[in-house]
There are 2 protein chains.
Amino acid sequence: MSVAVENFVKAIYNNENHDIADTKPGNIASKLGISNAAATDMAKKLDAKGLLNYEKYQALRLTKEGEKMALNVIRKHRLWEALLHQMFDMSLHEIHREAELLEHETSDFLTEKISEYLGHPKFDPHGDPIPNADGEITTKDTSIALINAEENTEYIVSRLMSTDKEFFEFCALNGIKYGNKIAVKKQFQNSKMTQITINSNTIVLNQDFTQIIYVNEIN
Amino acid sequence: MSVAVENFVKAIYNNENHDIADTKPGNIASKLGISNAAATDMAKKLDAKGLLNYEKYQALRLTKEGEKMALNVIRKHRLWEALLHQMFDMSLHEIHREAELLEHETSDFLTEKISEYLGHPKFDPHGDPIPNADGEITTKDTSIALINAEENTEYIVSRLMSTDKEFFEFCALNGIKYGNKIAVKKQFQNSKMTQITINSNTIVLNQDFTQIIYVNEIN
DNA sequence: ATTAATTTTTAAGTATGCTTAAAAATTTTT
DNA sequence: AAAAATTTTTAAGCATACTTAAAAATTAAT
């Protein structure tokens, strides 16, 4: 399907699920930077294609098929963001800009290669969940505060749930970064301290930090 | 510029420089899988845009600007091939297919990131030269047979100039692969044997092999 | 509950990048 | 050098994805 169609269903999906606005043509139009007339036009065409249900003056509702297409594009977008962030150390703003273009020209084959390379991450660097190849969102990462490993166990950093500058500086200094591997071990049972190892560098963190560092199991 | 335009100037460039066929509309059309009429049509439009010179019934000739656009797209294509081949171990056929799509949706910014990551390679995995950011092709790789290093010196494998299956199997077994780092040292002066080290694994090769393994200096 | 403001829809029109069919020019064959 | 074959061009037409302008419906304000 075309770039215009993919972006259209993606915009509806995001409005339906995350963003504030409803999914009437006007909101989709302003999100995509096109005229209201163009959005109504497209809505009729996609209704005919079975991707959404269009009824005059009503909000647009994606069909199962339309939602599947949206999730497929979102999966590609978020995997590109993850890859570009990890490999090239690009900023959150930069990876978004590039992923917005690449997402439409990426085969399912290449998408799986990227996912595999990254260890099938469940979240992108923004902390948004990455749908799996079947378009399901299975959010199962945990904060390392909740990990009870007696021995060192390896995980992949999935998100850093903070807006605190000092926390991010600390993370940068210690290699705690989206996609990186860290070994986690509860320092003492009953303790609130957790020991983590990154690149053979071991540090001990207290709850303030362990509660906001999220990881995925390595599968 | 659009995907159609980029592919059009790329096809002309390749016909002008590498392929057998001339650049009359018919040849470009069949290369792109469009009708002759469409090619003539496009040729007139691109003449008006200053990307090529169109004269009735004559071969199409790219202007400086058109050639620059073609080389920019070709650079992106070959860098993607290099990256996908090295990172995901994709076949030459697969990387070509993906690069054909990605090349049109890759910013110059991301292109430089990829080039940098790969150590600014001069050749892609097919052995085709990668134009630099200014659109210049500066082919300066050398076969390791010509390297006279007394001490171990590091290089990046740029191409394997062979069609021999056993040679490729030998390379695969020893990690001699496009984009990989190898250390080269002339085993004895006046000898035809060359010592190479890949991943702390040292082997000695004779001229049969050293003449067809090409490398670039690490910059 | 009207009126006013906003949104949605319809209608007409445009640029891009194709198509097929037929006319015109070129190239090849004899 | 003519005839035949091929290629190129022109012409008309189509789908996609937009635009602006005006009409119709909905939503918000008094």
Side-chain angles (χ1 to χ4, degrees), chain A residues 1-16 19-62 65-66 69-70 73 100-101 103-105, chain B residues 1-16 19-62 65-66 69-70 73 100-101 103-105:
Chain A
M1 211 57 62
S2 72
V3 173
V5 170
E6 288 185 352
N7 280 331
F8 202 85
V9 296
K10 191 178 71 163
I12 296 173
Y13 180 89
N14 282 327
N15 269 20
E16 275 179 346
D19 302 340
I20 355 79
D22 68 39
T23 62
K24 285 183 181 166
N27 281 320
I28 304 305
S30 67
K31 179 170 259 184
L32 296 175
I34 61 178
S35 68
N36 287 8
T40 299
D41 224 61
M42 181 63 97
K44 287 181 187 170
K45 282 182 194 163
L46 299 195
D47 179 282
K49 287 203 166 114
L51 293 170
L52 54 80
N53 294 124
Y54 170 73
E55 285 177 74
K56 273 190 180 186
Y57 303 105
Q58 303 303 306
L60 307 174
R61 288 169 302 111
L62 289 180
E65 201 191 334
M69 180 184 287
V73 177
E100 206 67 25
L101 299 174
E103 64 185 9
H104 306 293
E105 304 301 334
Chain B
M1 212 57 61
S2 73
V3 173
V5 171
E6 288 186 351
N7 280 331
F8 202 86
V9 295
K10 191 178 71 162
I12 295 172
Y13 181 88
N14 283 327
N15 269 19
E16 275 181 345
D19 302 339
I20 355 81
D22 67 40
T23 61
K24 285 183 182 167
N27 281 320
I28 305 304
S30 68
K31 178 170 259 182
L32 296 174
I34 60 178
S35 68
N36 287 9
T40 299
D41 223 60
M42 180 64 96
K44 286 182 188 170
K45 282 180 193 164
L46 299 195
D47 180 283
K49 284 200 168 118
L51 294 170
L52 53 79
N53 294 123
Y54 170 74
E55 284 176 77
K56 273 191 178 185
Y57 303 105
Q58 302 303 306
L60 307 174
R61 288 169 301 111
L62 289 180
E65 201 191 335
M69 179 184 287
V73 176
E100 206 67 26
L101 299 174
E103 64 185 12
H104 306 293
E105 305 302 334

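Just so we're clear, the structure is a prediction, and the values are computed from it rather than from any experiment. Residue numbers start from 1 in every chain, and the chains themselves are labelled A, B, ... in the order their sequence lines are given, proteins ahead of strands.
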Query raised in the report: How would nucleotides 13-20 of chain C be written as a contact map, 5' to 3', with B for base contact, S for sugar-phosphate-only contact and - for no contact, using protein heavy atoms under 4.0 Å?
Result: ----BBBB
**Report entry** Minimum-distance pair of heavy atoms, taken over all atoms of A:Leu52 and A:Phe8
**Finding:** CD2-CE2, 4.1 Å
Can you tabulate the close N/O pairs, meaning under 3.5 Å, that link protein atoms to atoms of nucleotides 24-28 of chain D?
from	atom 1	to	atom 2	distance (Å)
D:dA25	O4'	A:Tyr57	OH	3.2
D:dT27	OP1	A:Lys24	NZ	3.3

Requested in this report: Answer with base, sugar-phosphate or nothing: what part of the nucleic acid does B:Phe8 contact at a heavy-atom distance below 4.0 Å?
Outcome: nothing
Query - Any side-chain heavy-atom pair of B:Ile34 and B:Met42 under 4.5 Å - result: no
**Report entry** Whether A:Thr23 side chain and A:Leu60 backbone form a donor-acceptor pair below 3.5 Å
**Finding:** yes
Report summary line: Taken to the nearest whole Å, CD/A:Glu55 to P/C:dT8 is 15 Å
Requested in this report: Using a strict cut-off of less than 4.0 Å between a Lys/Arg side-chain nitrogen and an Asp/Glu carboxylate oxygen, indicate whether A:Glu103 and A:Lys10 qualify as a salt bridge.
Outcome: yes
Query raised in the report: Any sub-3.5 Å donor-acceptor pair from B:Asn27's side-chain atoms to B:Ala21's backbone N or O?
Result: no
Report task. Kindly indicate whether the side chain of B:Met69, heavy atoms from C-beta on, has any atom under 4.5 Å from the side chain of B:Met1. Result -> yes
**Report entry** Pair partner, C:dT30 [Watson-Crick or wobble, under 3.5 Å]
**Finding:** D:dA1
Query - From CG (B:Asp47) to CD (B:Glu55), nearest 0.5 Å - result: 8.5 Å
Query raised in the report: Closest approach of A:Glu16 and A:Arg61, non-hydrogen atoms and distance?
Result: OE2-CA, 3.5 Å
Query raised in the report: Rounded to whole angstroms, how far apart are CG on A:Asn27 and C1' on C:dT6?
Result: 12 Å
Query raised in the report: Atom CG of B:Asp47 to atom C1' of D:dT8: distance rounded to whole Å?
Result: 16 Å
Report summary line: From OH of B:Tyr54 across to C1' of D:dT7 the rounded distance in Å is 12 Å
Query raised in the report: Quick one: are A:Asp22 and A:Asn15 in side-chain contact, heavy atoms under 4.5 Å?
Result: no
Query - d(CD, A:Glu6; C1', D:dT16) in whole Å - result: 15 Å
Query raised in the report: Just how far, in rounded Å, is C1' of C:dT8 from CG of A:Leu60?
Result: 11 Å
